[in-house]
Amino acid sequence: MRAIVIAEHGGPEVLEYKEHPDPVPGPGEVVVDVAASGVNFIDIYHRKGVYPLEMPAPLGAEGAGRVSAVGPGVHDFRAGDMVGWLNILGSYAEKALVPAERLVRVPDNVPADLAAAALLQGLTAHYLTHSTHEVRRGENVLIHAGAGGMGQLLIQLAKLRGAHVITTVSSDEKEKLARALGADEVIRYDGFAEAVRRVVPSGVDVVYDGVGAATFDGSLASLRRRGLMVLYGAASGPVPPFDPQRLNKSGSLYLTRPTLDHYIDDHGELLARAADVFGWIESGQLRIDISHRYPMAEAAQAHEDLAARRTTGKLLLIP
């Protein structure tokens with residue numbers, strides 16, 4: 001099979017699509033013929049070494065496709081089943097080796113590419129709006145990068161829960177997209193904290209910030225007293241160390257830095273969140289915007305486009 005396995009951390013140039021031995025399933029494992037692989041910022045962090053990997057390292061943490069082989073002890077899946085997975089490295093390949101306990105079954109009327117696009121970001125948006133902070137009707141919520149893949153899903157799920165949504169974007173085109181998804185107020189990044197206060201003078205209840213360094217200070221300044229800052233990513237770079245006394249002086253604020261693994265490490269929780277996301281897709285309540293599909297051999301271009309914010313919505317690699 002062909003796959004992307006990096007020999008060293010570095011820039012997009014380390015992403016080479018080469019021949020590798022076909023995977024063979026061991027006990028409790030499943031081989032899946034990959035139909036599509038999601039491209040996510042965590043892939044860039046893995047490639048660059050922000051999250052160091054042992055070399056040589058497979059890349060890609062999300063995908064969907066059909067089971068082609070199962071190992072001993074696997075009873076819940078068989079060849080031909082359509083499945084998806086997330087947070088398992090090795091999706092940038094024609095075949096992926098996945099522990100059976102980390103697979104989710106894809107409903108018949110959800111296409112494989114849509115499943116691959118929905119899982120990692122969909123379950124992230126689910127836990128952020130349902131568990132890290134349970135968004136309630138009437139709350140004021142600030143979501144950064146509303147036209148991006150994560151931002152689009154957060155807007156929709158916050159609106160499903162009855163929130164008043166404010167979001168940041170960088171262009172008129174992205175503003176139109178965010179408004180079409182239900183955002184109540186769309187603002188630019190420059191001076192966004194002041195713009196938020198003009199809309200909600202007391203400040204918002206919660207900020208969902210996946211941008212990181214560039215927006216962190218303004219996000220804190222946008223919160224009401226005892227508001228919650230949810231820092232779930234660092235697309236602009238990591239937030240430098242800061243004095244926690246700032247949380248006191250700014251109104252007894254709360255700050256959390258959650259990660260998806262801690263919200264799906266229980267198998268039942270993984271399945272429940274996936275069932276919700278697929279159910280919303282099937283009912284038309286959640287729209288997944290696949291903005292670009294790249295051949296797997298063009299993974300480097302996909303990484304460059306994502307890092308430069310040239311795209312909106314979800315990016316996929318197709319073997």
Side-chain angles (χ1 to χ4, degrees), residues 30-40 42-43 60-70 74 76-88 90-130 148-161 177 180-182 260 263-264 267-296 302 311-319:
V30 172
V31 174
V32 184
D33 291 337
V34 179
S37 178
V39 181
N40 299 283
I42 194 170
D43 304 341
E62 170 187 44
R66 292 201 179 275
V67 172
S68 59
V70 300
V74 175
D76 293 335
F77 300 98
R78 61 183 181 181
D81 286 346
M82 180 65 71
V83 296
W85 63 95
L86 65 158
N87 282 14
I88 299 295
S91 301
Y92 286 12
E94 292 177 325
K95 294 178 180 290
L97 184 65
V98 185
E101 64 181 10
R102 297 305 299 270
L103 288 173
V104 297
R105 196 176 300 276
V106 177
D108 291 340
N109 55 346
V110 176
D113 60 346
L114 200 57
L119 278 169
L120 194 149
Q121 291 182 335
L123 269 65
T124 298
H126 188 293
Y127 88 76
L128 289 174
T129 56
H130 288 64
M150 269 303 308
Q152 290 188 29
L153 299 182
L154 284 169
I155 289 172
Q156 293 177 80
L157 294 193
K159 291 304 297 181
L160 275 177
R161 297 187 67 84
L177 177 56
L181 292 169
L260 175 59
Y263 290 85
I264 59 170
H267 186 60
E269 194 171 17
L270 167 65
L271 296 182
R273 294 192 193 279
D276 281 350
V277 169
F278 286 140
W280 291 324
I281 292 171
E282 290 179 292
S283 67
Q285 294 176 288
L286 185 63
R287 168 188 161 194
I288 306 295
D289 174 25
I290 302 174
S291 63
H292 286 74
R293 294 174 173 84
Y294 302 80
M296 189 72 71
T311 61
T312 61
K314 185 70 178 187
L315 310 185
L316 293 180
L317 297 177
I318 309 299

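Values reported hereafter were calculated over all heavy atoms of this structure, with side chains retained and with hydrogens, waters and symmetry mates removed. Counting begins at 1 with the first residue of the sequence. Keep in mind it's a predicted model, so treat the numbers as computed, not measured.
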| query | Is there side-chain contact between Leu154 and Leu157, with at least one heavy-atom pair below 4.5 Å? | reply | no
| Closest non-hydrogen atom pair between Ala64 and Ala112, with its separation | CB-O, 3.4 Å
| What's the spacing between Asn87 CG and Ile42 CD1 if we round to 0.5 Å? | 6.0 Å
| Where Ala35 and Pro319 come nearest, the two heavy atoms and their spacing | O-CD, 3.6 Å
| pair Lys314-Asn40: side-chain heavy atoms closer than 4.5 Å | yes
| said: Nearest 0.5 Å, please: how far is CG in Leu123 from CG in Leu119? | reply: 6.0 Å
| query | What is the distance from atom OH of Tyr127 to atom CZ of Arg273, rounded to the nearest 0.5 Å? | reply | 9.0 Å
| query | Who pairs with Asn109 by side-chain hydrogen bond (donor to acceptor under 3.5 Å, both in side chains), at least two apart in sequence or on another chain? | reply | Glu282
| Do Leu316 and Val39 come within less than 4.5 Å of each other through their side chains, counting heavy atoms only? | no
| query | What heavy-atom pair brings Val106 and Gly84 nearest, and what distance separates the two atoms? | reply | CG2-N, 3.6 Å
| field | Val104 side chain reached by Phe278 side chain, heavy atoms, under 4.5 Å | value | yes
| Parallel, tilted or perpendicular, as decided by the 30° and 60° cut-offs, for the rings of Trp280 and His130 | tilted
| Side chain to side chain, Leu270 and Arg102, heavy atoms closer than 4.5 Å | yes
| said: Going by side-chain hydrogen bond (donor to acceptor under 3.5 Å, both in side chains), name the residues that satisfy it together with Asp43, two or more places apart in sequence or in a different chain. | reply: Tyr92
| Chi angles and distances behind the side chain to side chain contact (heavy atoms under 4.5 Å, CB included) call for Leu128, Met150 | CA-CA 11 Å; Leu128 289 174; Met150 269 303 308; 4.1 Å; yes
| Evaluation steps, side chain to side chain contact (heavy atoms under 4.5 Å, CB included), between Ile264 and Leu86 | CA-CA 10 Å; Ile264 59 170; Leu86 65 158; 4.0 Å; yes
| How would you list, by chain and number, every residue that makes a salt bridge (Lys or Arg N to Asp or Glu O under 4.0 Å) with Asp81, sequence neighbours excluded? | Arg105
| message | Within the structure provided, determine whether Thr312 and Gln152 are in side-chain contact (heavy-atom separation under 4.5 Å). | response | yes
| task | Evaluate the side-chain proximity of Asp289 to Leu177: yes if any heavy-atom separation is below 4.5 Å, no if none is. | result | yes
| Sidechain-backbone polar pair: Ser37 side chain, Glu62 backbone, donor-acceptor under 3.5 Å | yes
| remark: On a heavy-atom basis, the closest approach of Val277 and Gly122 is CG2-O, 3.7 Å
| field | Contact summary for Ala117 and Ile290, nearest pair of heavy atoms | value | CB-CG1, 3.8 Å
| said: Between Arg66 and Asp33, does any side-chain N to carboxylate O distance fall below 4.0 Å? | reply: no
| task | Might you work through the side chain to side chain contact (heavy atoms under 4.5 Å, CB included) test for Leu153 and Ile288, ending with a clear yes or no? | result | CA-CA 8 Å; Leu153 299 182; Ile288 306 295; 3.5 Å; yes
| task | Supply the atom-to-atom distance Thr311 OG1 to His292 NE2, rounded to the nearest 0.5 angstrom. | result | 6.5 Å
| message | Determine whether Leu103 and Val30 satisfy the following criterion, side chain to side chain contact (heavy atoms under 4.5 Å, CB included), listing intermediate values before the conclusion. | response | CA-CA 9 Å; Leu103 288 173; Val30 172; 3.8 Å; yes
| message | Side chains of Trp85 and Ser91, heavy atoms from C-beta outward: is any pair under 4.5 Å? | response | yes
| note | Scanning both residues in full, the closest heavy-atom pair of Leu315 with Ser291 reads CD2-OG, 3.6 Å
| message | Would the distance check show the side chain of His267 and the main-chain N or O of Glu101 forming a donor-acceptor pair, the cut-off being under 3.5 Å? | response | yes
